[in-house]
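Data block below; observations after.
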Amino acid sequence: MNELFLKRMHDLLKDDYFVFLKSYDEKVRKSFQLNTLKTDGDILKNIDGIEKMNIKDGYYYDMESLGNHPYHHAGLFYIQEPSAMLPPLAIDIKDDFKILDLCAAPGGKTHILSKQVPNGYVIANEVNYKRSKKLLSNVERLGLKNVLVSSMSVDDLLVKYRNYFDVVLVDAPCSGEGMFRKDKEALKNWSLDKVKELSILQKDLLKKASLLVNSNGHLIYSTCTFSKEENEEVIKSFIDNYDFSLVDVKREVKMLSTNGFIDKVRRCYPFIFGEGQFIAVLKNNQNVKPYIACNVLKNLSKKEEQEYNVLLSKYLKNKPFILKKYKNNIVALEKNIEIPDLSLLCCGVKVGDYSYNKFVIHHQFVKAYGHLFYNTYNLNVNDKEVIRYLKGEEIKGIVKDGYGVLLVDNYPLGLYKASQNRLKNYYPKGLRIKDS
Ligand code: SAM
């Protein structure tokens, strides 16, 4: 353990310091958030050692790893440490809210936000392009239909989205002190200089993020670190300069956290709940004019509409979506939404692409609407063929020739193309299980 880090924790926690230290010898409990957009959770009886947590859709699990479990590939849950689930649940969110998740990768909090706005949407933004690809992959795996993914700086977002959002979540880059119990390596990168450097970045990020919030809208600021410099100091310097006020978090979140060092902010420590989290909710008191979006989503031409209707009718039992055009892609959306002209990695569910003049259904579409396909092949979770499919192998099954969707216990995994009962594997290469 880093001596300076420990001294600072002692100064911060006083009498609680020894309970904190003791928690480092205790077992870290692993957990996930259930994807209730896909399943009601009855299916979890098929996994040993699952225990419901006292937080919405949260479960503890005992297995060594769930990352390669077929249900994980099917997008039925997102593996996430308990206290990281709290920030998106800290306020009442109306089902038609427009939300920005400013620092979103790999997407744990985006998932929780998405579940709360069936009639609205979440823009999941990640400035680091490489990390935004991971975010996109999780959005696809979970089949989130109301999440748009972008990779922009907060300055770029300000050009298009000034005072636009009902909620902006700033899950800020931080020194990650709350991760030290789980990830001993993270401790090696820690220094006081880094804490101070990050505090400057966080102040700047919060200030700019506040300009994206509409009148009476909310900013949620969170970190997974303990230092006051990255938490209370950031909030204090913000409310001293901007017309936002701190508000209480929801009771559910309050019960699982403890007081911070200014009124209304909340903290989690390993001896309270999860690994470590700071949460502050700020309400915009200013009367600001929202930016009016000009829509980049275009209608399909009559010819395109007809072509896609014929194409999709071949595969799907019904079409509970509308089709729109985003740049060169045809996308499926559950609701007609207005999106300012942005560079988005994903805007709605991509239907498919033409490859050598042949139309191939996109993996994202399979994850979101695969259960509606005529041609499916359903396997039990314990069937060895499921893992063979997830490894990218060809499998055998009595199915109709042509494209179809492989299901595990009725949940879509990916596409196949069958010919004489051989199922050619279309599970994307980057997602396949690798032999260890
Ligand atoms: N919210 C994510 C989740 O729940 O899965 C975790 C986000 S992580 C704590 C912070 C993110 O902020 C990182 O993905 C990092 O790349 C991003 N980041 C780093 N510098 C940034 C900056 N200057 N502006 C915006 N985001 C930044």
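Given the structure is predicted, the values throughout are model-derived calculations rather than measurements. Atoms within a ligand are numbered from 1 in the order they appear, just like the ligands themselves.
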Other residues, nucleotides, ligands: >12 heavy atoms within 6.0 Å of Lys250 NZ: yes

Exactly which residues line ligand 1, taking a heavy atom under 4.0 Å from it as the test? Cys103, Ala104, Ala105, Pro106, Gly107, Gly108, Lys109, Glu126, Val127, Asn128, Arg131, Asp171, Ala172, Pro173, Leu201, Leu205

Are the charged groups of Arg8 and Glu229 less than 4.0 angstrom apart, N to O? yes

Can a side-chain donor-acceptor contact be found between Gln202 and Glu230 if the only test is distance below 3.5 angstrom? yes

Can you run down the salt bridge (charged side-chain N to carboxylate O under 4.0 Å, His left out) pairs that involve residues 148-163, sequence neighbours left out, and say none if there aren't any? Asp155-Lys208

Set of residues satisfying side-chain hydrogen bond (donor to acceptor under 3.5 Å, both in side chains) with respect to Tyr164, sequence neighbours excluded: Tyr121

Got a sec, which residues hit side-chain hydrogen bond (donor to acceptor under 3.5 Å, both in side chains) with Lys325, two or more places apart in sequence or on another chain? Glu304

